[in-house]
Student: 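Quick one: the structure is below, questions incoming.
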Amino acid sequence: MTHQDGNVTPIPDEVGLLYDAVVDSAAVTMGKNLHFGYWEPSDSELSFDEATDRLTDLLTERLRIGPGSRLLDIGCGVGTPGVRIARLSGAEVTGISVSEEQVKRANALARSQSSACRAEFHQANAMELPFPDASFDAAVALESMIHMPDRGQVLREIRRVLRPGGRIVLTDFHERTPLSPAHRAVVNQLLQDIMCTMVQVDDYLRLLRAAGFQFKEMVDISEETVRRTFMALAERAAHMPTEVLSKLGWKSNPADMIDISGFGYLLVVAERPMATG
Ligand SMILES: C[S@@+](CC[C@H](N)C(=O)[O-])C[C@H]1O[C@@H](n2cnc3c(N)ncnc32)[C@H](O)[C@@H]1O
């Protein structure tokens, strides 16, 4: 469905088919992590792949998990972040994605690790999580909320499957400053290409409260993520064989996003309150 602002509501089955279709070309463009990189000003030498792992670690620090914890990874991609978190934290990770192909690759990656690394992946829709109440200690949604048709519904589902005191740590795209009509057209094309939407800067406080979460932290990490990620993607796209590029089906060009400062990237942390209700 196309809205007045040009945004299109993603349909989970279609998002899954999109990721199935681009699984190989996305690996060439994005690498093994399907998310933005994170660079501090002092990290000028960090490669895109290192910077995407850095973003995973930034979220992991906030999850407060360790050996014996159970983590739900919502929108697990090809398993790179989930396996990394399992390996480095000792937590037991259950990941879900709507893409069957991604889940196959994620489970193959998990099997290639030592038996001390406990991670498994399933095809499932975050709008209806197939898990019992209070069955996880924490949840992470690394750049998957962007694809959800209803963020409020997903947050309610996450709250349900978290134990009291459990944390959700997520990232999302947001409109950081009002976009000019020309910039909005470029951003909307990108959002349509990858079947996602972005939020307004104050949406999360309302969404979290309505889902019964206690707000903990919200950081705008656009400065550390957006510009350099689009520079890296533009650089890769410029050297990519045309058949790989055409498989991705992008009408947008990452180079056009580099100077759009109104497109932002948010890190959000919330907790299911201890008192249940
Ligand atoms: C941008 S990728 C991020 C993947 C992974 N978190 C990473 O950082 O590498 C978005 C992921 O969200 C998943 N996803 C999108 N909509 C979903 C839904 N409704 N339920 C579960 N997963 C979903 C996609 O299949 C994909 O794995």
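Start at 1 and go down the list; that is how both ligands and their atoms are numbered. In what follows, every heavy atom counts, from backbone to side chain, and hydrogens, waters and symmetry copies are set aside. Small disclaimer: the values here were computed from a predicted structure and weren't measured. Residue indices begin at 1 and follow the sequence shown.
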Student: List the atom of L266, the atom of M218, and the distance in Å for their closest heavy-atom pair.
Tutor: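 Here L266 and M218 meet closest at CD2-CG, 3.8 Å.
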Student: What do you reckon, does M148 put a non-hydrogen atom under 4.0 Å from ligand 1?
Tutor: yes
Student: For atom 15 (C) of ligand 1, what is the closest protein heavy atom, and at what distance to 0.1 Å?
Tutor: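 Here the nearest protein heavy atom works out to H147 CB, 3.5 Å.
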Student: So is Q102 polar-close to ligand 1, meaning N/O to N/O under 3.5 Å?
Tutor: yes
Student: Mind checking whether C76 contacts ligand 1 via backbone (N, CA, C, O), side chain (CB onward), both or neither, at a 4.0 Å heavy-atom cut-off?
Tutor: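 Under 4.0 Å from ligand 1, C76 contributes backbone atoms alone.
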Student: Counting both backbone and side chain atoms, is some N or O of H35 under 3.5 Å from an N or O of ligand 1?
Tutor: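 H35 vs ligand 1: N/O contact under 3.5 Å present.
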Student: To the nearest 0.1 Å, how far is atom 23 (C) of ligand 1 from its closest protein heavy atom, and which atom is that?
Tutor: V98 CG2, 3.6 Å
Student: If you take the nearest heavy atom of each of G75, S99, G77, which one is closest to atom 6 (N) of ligand 1?
Tutor: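 Comparing heavy atoms across G75, S99, G77, the nearest one to atom 6 (N) of ligand 1 lies in G75.
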Student: Under 4.0 Å, heavy-atom basis, I'd like to know which part of L142 is in contact with ligand 1: side chain, backbone, both or neither.
Tutor: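 It is both parts that get close, each with some atom under 4.0 Å.
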Student: State, yes or no, whether a side-chain contact exists between F230 and I260 at a heavy-atom distance under 4.5 Å.
Tutor: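 Result no, sub-4.5 Å side-chain heavy-atom pair not found.
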Student: List every atom of ligand 1 that sits less than 4.0 Å from any heavy atom of E143, numbering the atoms from 1 in the order shown and giving each element.
Tutor: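 Answer, ordered by atom number: 1 (C), 10 (C).
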Student: Does the side chain of S69 pick up a donor-acceptor pair with the side chain of D137 at under 3.5 Å?
Tutor: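 Short answer, no.
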Student: What is the closest protein heavy atom to atom 9 (O) of ligand 1, and at what distance does it sit?
Tutor: L34 N, 2.8 Å
Student: Counting both backbone and side chain atoms, is some N or O of S144 under 3.5 Å from an N or O of ligand 1?
Tutor: no
Student: Less than 4.0 Å between a side-chain N and a carboxylate O, is that true for K251 and D193?
Tutor: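 No, this pair does not count.
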Student: Which one holds for A126 and ligand 1: side chain close, backbone close, both close, or neither close, with close meaning a heavy atom under 4.0 Å?
Tutor: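 The part of A126 near ligand 1 is both the backbone and the side chain.
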Student: Of all the atoms in ligand 1, which lie at a distance below 4.0 Å from a heavy atom belonging to A124?
Tutor: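 Listed by number with element, the hits are 20 (N), 21 (C).
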Student: Can you label the angle between the F173 ring and the Y265 ring as parallel, tilted or perpendicular, going by 30° and 60°?
Tutor: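 Because their plane-to-plane angle lies in the 30° to 60° range, the rings of F173 and Y265 count as tilted.
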Student: State the atoms of ligand 1, each with its element, that fall below the 4.0 Å cut-off from a heavy-atom position in N33.
Tutor: 9 (O)
Student: Is it true that the side chains of T171 and E143 contain a donor and an acceptor less than 3.5 Å apart?
Tutor: no
Student: Go through it in stages, so that I can follow the logic: the residues are S47 and D49, the test is side-chain hydrogen bond (donor to acceptor under 3.5 Å, both in side chains), and I'd like the CA-CA distance, side-chain angles, deciding distance and then a yes or no.
Tutor: CA-CA 5 Å; S47 71; D49 291 335; 5.3 Å; no
Student: Considering the heavy atoms of P81, write down every atom of ligand 1 situated less than 4.0 Å from one of them.
Tutor: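 Taking each heavy atom of P81 in turn, ligand 1 has 7 (C), 8 (O), 9 (O) under 4.0 Å.
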Student: Which of the numbered atoms in ligand 1 are below 4.0 angstrom from a heavy atom of N125?
Tutor: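 Near N125, the atoms of ligand 1 are 18 (C), 19 (N), 20 (N).
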Student: Would you say R176's side chain and D220's backbone share a donor-acceptor pair under 3.5 angstrom?
Tutor: no
Student: Charged N to carboxylate O under 4.0 angstrom, R54 versus E50?
Tutor: no
Student: Quick check: does any side chain N or O of Q214 sit under 3.5 Å from a backbone N or O of R272, one acting as donor and the other as acceptor?
Tutor: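 Flag not set: sc Q214 to bb R272 has no pair under 3.5 Å.
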Student: Regarding Q200 and E175, is there a side-chain donor-to-acceptor distance under 3.5 Å anywhere?
Tutor: yes
Student: Ligand 1 and P12, any nitrogen or oxygen pair closer than 3.5 angstrom?
Tutor: no
Student: Could you please spell out the steps behind the salt bridge (Lys or Arg N to Asp or Glu O under 4.0 Å) verdict for D73 and R84?
Tutor: CA-CA 12 Å; D73 177 7; R84 181 176 178 85; over 6 Å; no
Student: Quick test: of every protein heavy atom, which one is nearest to atom 25 (O) of ligand 1, and how far off is it to 0.1 Å?
Tutor: S97 OG, 2.9 Å
Student: Heavy-atom contact check, 4.0 Å cutoff: does V15 meet ligand 1?
Tutor: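 V15 counts as a contact of ligand 1 under the 4.0 Å cut-off.
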Student: Do ligand 1 and K32 have nitrogen or oxygen atoms that lie under 3.5 Å from each other?
Tutor: no
Student: So which protein heavy atom does atom 2 (S) of ligand 1 come closest to, and at what separation?
Tutor: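 Of the protein heavy atoms, Y19 OH, 3.4 Å lies nearest.
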Student: Would you kindly say whether Q102 and R105 are connected by a side-chain donor-acceptor distance under 3.5 Å?
Tutor: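 No pair is found: no donor N or O on one side chain lies under 3.5 Å from an acceptor on the other.
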